[in-house]
Amino acid sequence: MDKTYQPSTIEKQWYETWESNGYFAPSGEGDPYSIMIPPPNVTGSLHMGHGFQESIMDALIRYNRMKGKNTLWQVGTDHAGIATQMVVERLLDAEGKTRHDLGREKFIEKVWEWKEESGGNITRQLRRLGASPDWSRERFTMDDGFYKAVQEVFVRLYDDKLIYRGKRLVNWDPKLHTAISDLEVINEEKKGHLWHFNYPLSDGSGHLTVATTRPETMLGDTAVAVNPDDERYKALIGKTIKLPLTDREIPIIADDYVDMAFGTGCVKITPAHDFNDYEMGQRHNLEMINIFNDDAHINSNAPEKYVGLDRFVARKKIVEDLEALGLLEKIDDHNLKVPYGDRSGVVIEPYLTNQWYVKTQPLADEAIKAVEDGDINFVPKQYENMYFSWMRDIQDWCISRQLWWGHRIPAWYDDAGNVYVGRDEAEVRTKYSLADSLALKQDEDVLDTWFSSGLWTFGTLGWPEDTDFLKTFHPSSVLVTGFDIIFFWVARMIMLTLYFKKEIPFNTVYVHGLVRDSHGQKMSKSKGNVLDPIDLIDGIDLETLVQKRTAGMQVPQLKQKIEKMTRKEFPEGIAPYGTDALRYTYYSLASTGRDINFDVGRIEGFRNFCNKLWNASNYVLMNTEEHDCAQDGSSDYELTLADRWIVSRLQQAEKAVIEGIESYRLDLASQALYDFIWKDYCDWYLELTKPVLWDDNADEAVKKGTRRTLIRVLETILRLAHPLMPFITEEIWQRVKPLAGAEGDTIMLARYPVPDATKIDQQAITDIEWAKGIILGVRNIRGEMNIAPSKHIPIYIKNGSDDDKRCLADNLQFLKKLASLESVEWLTDADEAPLSATALVGKLEILVPMAGLIDKEAELARLQKESDKLTKEVERLEAKLNNPKFVDKAPAEVVDKEKNRLADVNNALGKLAEQQNKIRNL
RNA sequence: AGGACCAUAGCUCAGUUGGUUAGAGCGCUACCUUGACAUGGUAGAGGUCGGCGGUUCAAAUCCGCCUGGUCCUACCA
């Protein structure tokens, strides 16, 4: 093996091997385990959030696959109606064309062309992450089969009276010319104004002052409302207003909704352009006057002089005109929330249009019940509250979109405007007994992308046909997703799946946090703080990174700021860390928190961890290859204390890792594995094998036992780690397996370790801990006293029990090697010890002779530091034990524990004082 | 306005049902190229667990209030 770990040389090759050998596909044996990938947007490229999420899913899948389950990871992308259409329109725009120049059919062809060429970006990147979905079953929400499922669902919901068409106020995107759901609207706090206008009463007896943040909508006002209890205006209710700038008269109405304390207590009502006004309009049967076109320019319902003006131009003009009429009372500064389209970035208009809706209440009731009854569990549990709060206040779902790219609504109209819903025109004619001569026209609109992705868990498995895959893998085992998408997708999937499949889509929803930058900022292009997972894998030099982050930036100051920040944060660019390190970093951050701050400092640590594993394996291979490691199954070997210890610790580590994975705490799993590999296996065990393997006089059976343990524990570690770090483990495993007596073509399909409690040798653990205590004591003296590591020193041991004696005998060779000892001598009470530095391990005293090595003052200072620490501890313990309430009320074992501890600490303190006196009196 | 979540070492984070000497990684200090590894080793420094109060023999952990931060939902025109 190469001396240092080079991820780039192993990753690609192994991925190709796995994929071409079909290892990702379900085995067809064992209990089914399935995960449906939250389909990434086909226009997208892999961002840190995807990287995080896919890494988690891959770990779960690999773990369960190795446990022998029949594992399906269903992959695919969604067609992302608006986003994809926008991408292709932008391309057309570069040629100076619009989609209307092409026409619907040609445009859709173009989109498909684009999808074939560029749509595979994100799936290619997924492969770089080492993801192991069954690529042969990759689905796209616009695939024929999926299309069929979508149509089926629409038709059935319509026939079941759960889909209806209605003219309602929707969130309208004036740039994209489509309705969007309220989840796609981002409300942002903006500084604006509150304009106060005087509306004259028709009878000339005065005026009312109304306040508005949107003066342009006054052209569509059809009432002024006051609170019925408002003494100021009670007398005016029922009178009319002469609406300025128009020739209309509008009534003054009374409604509880009006807050007497806000503004003037009079509200202008524009039912066609405001959601609250709309409802009031319904209550009072007000006329609805729409004053906008699709692009939010004033339409011909308004006075001629405003027709065709953009809404913001019209606003200015109207304010000017009202001012000229002397009707502008005042302008106050005012903070308000402005709705923006999350795709287009323009201000969204409440707009009156015909749309299709899903009646959600009956679906939601079932969906709530499924979670209440525990059929579906959220992890962490707290997200259930979020789910419930949204579900219990659910609005009907507007599913039509005025786009070309998407699932076209299977509804047809005759010239009279009658609606017929069916799977195709022929079916519609039969179903509704329509004459062939009747002209039918299909609805122009398409369905919301989330409508189709709501069918994802069963639509991808062949529904409406009852396929074997559907029977085997539905419901899926777990959904892994971010909390930001609970409403968008999770809730809708649960509703639609329960209705059509009469079963839940998944047993568990594992909700993870959102990946942010190291300061907790959301990663965004405009902030210039985006990290590309691929750059973390392959590395990127500073100049390219700066360029990438500032590309397309229009504002020079912003560009400069981002460049400066990037150069400061990554003066050397980003090193190539490799996929395994990236994945491990994700796992280490996968705790229950909502925000995941990604700090590049941590990935470096895990790259080092990979290197550590790599080099440790190198050591193991050097000592086992071409040696007898009992790989033939022979049993003429002996295990050392160290061997028994590491095997014991391995069982405990396996248990901790498995518990972490099973409870969706990959941070705990990765931490347990990290500690075991680095601290137990590398720092201690490998060092403990050296005195055996390097001893020419050592018993061959003992050497064989050590080699056997070395290689077998390593082989187990690799399997244990594989779901988290697939590439490095496979690479090393291939070399290790013959020596460990393991079989199989790939570690991917090897069996996951199962902890065996009977292999835990408690005595071995205690004894090695004892040895570690002594070694650490000596090392502490060495370190503090600056004794060169190369200097071999003698030590004396005093005040030991028989058990200590036994431990010493068992550990002597380990102690000598790991603490660089020249000799270890046992002292009885009668023996006169030389002047020494002292370390305490329990009651045991370890003496390092000072002669020629240790300065008297330095040792006194070291002892003082030690006793200061212990003195504080004594004070704390005494205070506690002198408190009668503690002694009376706390459980006896807790009290005993503290008593013992106090005795120990006091004893140690006494010895330290004794030692200090000895040195001082010299 | 209502609700949720968060606040632990300089930084990024763990800390399961109250009882540990409060941990890890990075960074920092000192020493070390010893035959797996300087992407390393050894030793060490660093925290009154945001603040105040309460419950308890015992609180980082449970409760209340406050401060600071993030987010969600609903919005007053």
Side-chain angles (χ1 to χ4, degrees), chain A residues 1 3-5 187 194 210-214 217 225 257-259 261-270 274-277 334 336-337 382-383 385-386 389-390 393 483-484 486-487 514 516 518-520 522 575 577 581 585 588-589 591-623 659 663 665 667-668 671 674-675 682-683 686-687 690 694 776 779-790 820 869-870 872-873 876-877 880 883-891 893-895 897-898 901 905:
Chain A
M1 299 211 312
K3 193 177 167 186
T4 49
Y5 163 65
N187 288 303
L194 197 56
V210 298
T212 181
T213 54
R214 302 198 52 199
T217 62
Y257 162 79
V258 179
D259 178 358
F262 186 86
T264 59
C266 300
V267 190
K268 63 189 267 313
I269 303 299
T270 323
D274 181 282
F275 288 101
N276 289 311
D277 292 7
H334 182 68
L336 72 164
K337 289 272 177 76
Q382 73 217 27
Y383 287 107
N385 292 331
M386 197 171 174
S389 72
W390 190 72
D393 189 32
F483 65 83
D484 55 329
I486 289 179
F487 310 138
L514 261 37
R516 299 167 176 281
S518 61
H519 311 293
K522 211 166 181 168
Y577 294 117
T585 311
S588 74
L589 295 170
S591 59
T592 57
R594 212 187 45 183
D595 296 317
I596 291 158
N597 295 358
F598 193 95
D599 185 350
V600 176
R602 292 199 69 166
I603 193 174
E604 188 172 346
F606 292 117
R607 190 267 321 262
N608 296 351
F609 174 57
C610 292
N611 187 56
K612 189 76 181 174
L613 177 60
W614 185 265
N615 283 300
S617 305
N618 214 359
Y619 166 81
V620 175
L621 288 169
M622 277 169 49
N623 285 289
E659 280 173 359
S663 61
R665 287 300 304 271
D667 59 326
L668 300 181
Q671 182 73 41
Y674 182 100
D675 287 345
C682 294
D683 284 351
L686 294 193
E687 295 305 320
K690 289 174 183 175
W694 294 353
L776 291 173
R779 281 179 180 172
N780 177 273
I781 292 171
R782 269 184 185 282
E784 298 267 299
M785 298 300 124
N786 267 329
I787 300 171
S790 53
S820 297
K869 217 191 271 176
L870 294 182
K872 271 189 198 157
E873 181 69 2
R876 193 183 65 82
L877 289 164
K880 208 168 181 181
N883 180 355
K885 287 179 184 166
F886 171 71
V887 181
D888 292 346
K889 296 197 177 175
E893 68 226 52
V894 173
V895 177
K897 200 175 139 198
E898 298 293 41
R901 167 125 190 95
V905 175

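Convention: sequence-line order gives letters A, B, ...; per-chain numbering from 1.
- Atoms CE (A:M386) and P (B:A4) sit 13 Å apart, rounded to a whole Å.
- For the pair A:W614 and A:T4, the minimum side-chain heavy-atom distance is 4.5 Å or more.
- Each of B:U42, B:C57, B:A77 was ranked by its minimum atom distance to the side chain of A:N883; first place goes to B:C57.
- Under 4.0 angstrom from either OP1 or OP2 of B:A14 there lies at least one side-chain N or O belonging to A:S591.
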Treat a base pair as Watson-Crick or G-U wobble with both distances under 3.5 Å, then lay out RNA chain B in dot-bracket form, 5' to 3', with | for cross-strand pairs.
-> (((((((..((((.....[...)))).(((((.......))))).....(((((..]....))))))))))))....

I would like to know whether A:V620 and A:L686 meet side-chain contact (heavy atoms from CB on, under 4.5 Å); could you show each step before the answer?
-> CA-CA 8 Å; A:V620 175; A:L686 294 193; 4.1 Å; yes

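- Of the possible polar contacts, one joining the A:R782 side chain to the A:S820 backbone as a donor-acceptor pair under 3.5 Å is found.
- The side chain of A:N597 places an N or O atom within less than 4.0 Å of a non-bridging phosphate oxygen (OP1 or OP2) of B:C13.
- Within the 4.5 Å cutoff, no side-chain heavy atoms of A:T270 are placed close to those of A:R214.
- As rounded to the nearest Å, B:G50 and B:U16 have P atoms that lie 14 Å from one another.
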Nucleotide by nucleotide, 5' to 3', does protein get under 4.0 Å of the base (B), only the sugar-phosphate (S), or neither (-) in nucleotides 20-26 of chain B, counting heavy atoms?
-> SB--SS-

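- For A:T4, counting side-chain heavy atoms from C-beta on, the closest listed nucleotide (B:U39, B:C71, B:A14) is B:U39.
- Looking only at side-chain heavy atoms (C-beta outward), A:F606 and A:Y577 stay at 4.5 Å or farther from each other.
- Nucleotides B:G27 and B:G40 are separated by 9 Å at their P atoms, to the nearest Å.
- Here B:A59 presents its P atom at 11 Å from CZ of A:F886, a figure rounded to the nearest Å.
- Salt-bridge formation is not detected for the pair A:E898/A:R901: no Lys NZ or Arg NE/NH1/NH2 atom is positioned less than 4.0 Å from an Asp or Glu carboxylate oxygen.
- For the P atom pair drawn from B:U55 and B:U67, the interatomic distance equals 23 Å after rounding to whole Å.
- If you find the closest nucleotide of RNA chain B to A:E687 and to A:L668, the one lying nearer the 5' end belongs to A:L668.
- A:D259 comes within 4.0 angstrom of a base, heavy atoms only.
- Here the separation of B:C49 from B:A60, taken at their C1' atoms, is 5 Å to the nearest Å.
- Under the 3.5 Å distance criterion, with hydrogens and angles disregarded, no donor-acceptor pair is assigned to the side chains of A:D667 and A:Q671.
- Closest to the side chain of A:N611, out of B:U39, B:A36, B:G41, is B:U39.
- A:L514 places its CG atom 17 Å from the P atom of B:C5, with the value rounded to the nearest Å.
- Using a 4.0 Å heavy-atom distance criterion, A:D277 is classed as making no nucleic acid contact.
- Along RNA chain B, the nucleotide closest to A:K3 and the one closest to A:S518 are compared, and the more 5′ of them pairs with A:S518.
- Protein atom CG of A:N385 is 15 Å distant from nucleotide atom C1' of B:C71, rounded to whole Å.
- The aromatic rings of A:F483 and A:Y383 sit parallel to each other, their planes meeting at less than 30°, with 60° as the upper class boundary.
- Within 4.0 Å of A:W390, counting heavy atoms only, lies no atom of the nucleic acid at all.
- Side-chain atoms of A:R607 come within donor-acceptor range of the base of B:U39, with a qualifying N/O pair under 3.5 Å.
- Counting heavy atoms from C-beta on, the side chains of A:L613 and A:Y5 never come closer than 4.5 Å.
- Atoms CD1 (A:I781) and C1' (B:C31) sit 16 Å apart, rounded to a whole Å.
- The CG-C1' distance, from A:D484 to B:U73, rounds to 15 Å in whole Å.
- Put simply, the side chain of A:Y619 reaches to within 4.5 Å of the side chain of A:K690, judged on heavy atoms.
- Comparing B:A77, B:G19, B:G44 by their nearest atom to the side chain of A:T212 picks out B:A77.
- Among the nucleotides B:G41, B:G44, B:U12, the one closest to the side chain of A:E784 is B:G44.
- Distances were taken from every side-chain heavy atom of A:V894 (C-beta onward) to each of B:U70, B:C5, B:G19; the shortest belongs to B:G19.
- Heavy atoms of A:C682 sit under 4.0 angstrom from at least one base atom.
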Quick one: do A:D274 and A:T217 satisfy side-chain contact (heavy atoms from CB on, under 4.5 Å)? Show the steps, please.
-> CA-CA 9 Å; A:D274 181 282; A:T217 62; over 6 Å; no

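- Taking only side-chain atoms of A:R594, from C-beta outward, the nucleotide of B:C71, B:A77, B:A36 with the closest atom is B:C71.
- Contact annotation for A:P891: base contact, defined as any heavy-atom pair under 4.0 Å involving a base atom.
- Under 3.5 Å, the side chain of A:R665 and the base of B:U16 form no donor-acceptor pair of N or O atoms.
- Look at CG on A:D393: it is 15 Å from C1' on B:A1, rounded to the nearest Å.
- Distance noted for atom P between B:G46 and B:G23: 13 Å (whole Å).
- Contact between the side-chain N/O atoms of A:K885 and the OP1/OP2 oxygens of B:C57 is not found at any separation under 4.0 Å.
- Spacing of C1' atoms, B:G69 relative to B:C62, comes out at 24 Å, to the nearest Å.
- Put simply, A:N780 has a side-chain N or O that comes within less than 4.0 Å of OP1 or OP2 on B:G44.
- The line from OG of A:S591 to CD1 of A:I596 is 6.5 Å long, rounded to the nearest 0.5 Å.
- Contact annotation: the side chain of A:T585 never approaches that of A:R607 to less than 4.5 Å [non-hydrogen atoms, C-beta and beyond].
- Between B:U42 and B:G54, the distance separating the two P atoms is 47 Å to the nearest Å.
- As judged by a 4.0 angstrom heavy-atom cut-off over every strand, A:L336 is placed among residues touching the sugar-phosphate backbone only.
- Across all strands shown, A:I787 has no heavy atoms under 4.0 Å from either base or sugar-phosphate atoms.
- The separation between A:L686 atom CG and B:A36 atom P is 10 Å, rounded to whole Å.
- Listed nucleotides: B:A77, B:G19, B:C71. Nearest to the side chain of A:Y257: B:A77.
- Spacing between B:A9 and B:G2 at atom C1', rounded to whole Å, works out to 37 Å.
- For A:K612 and B:G41, the shortest distance from a side-chain N or O to OP1 or OP2 is below 4.0 Å.
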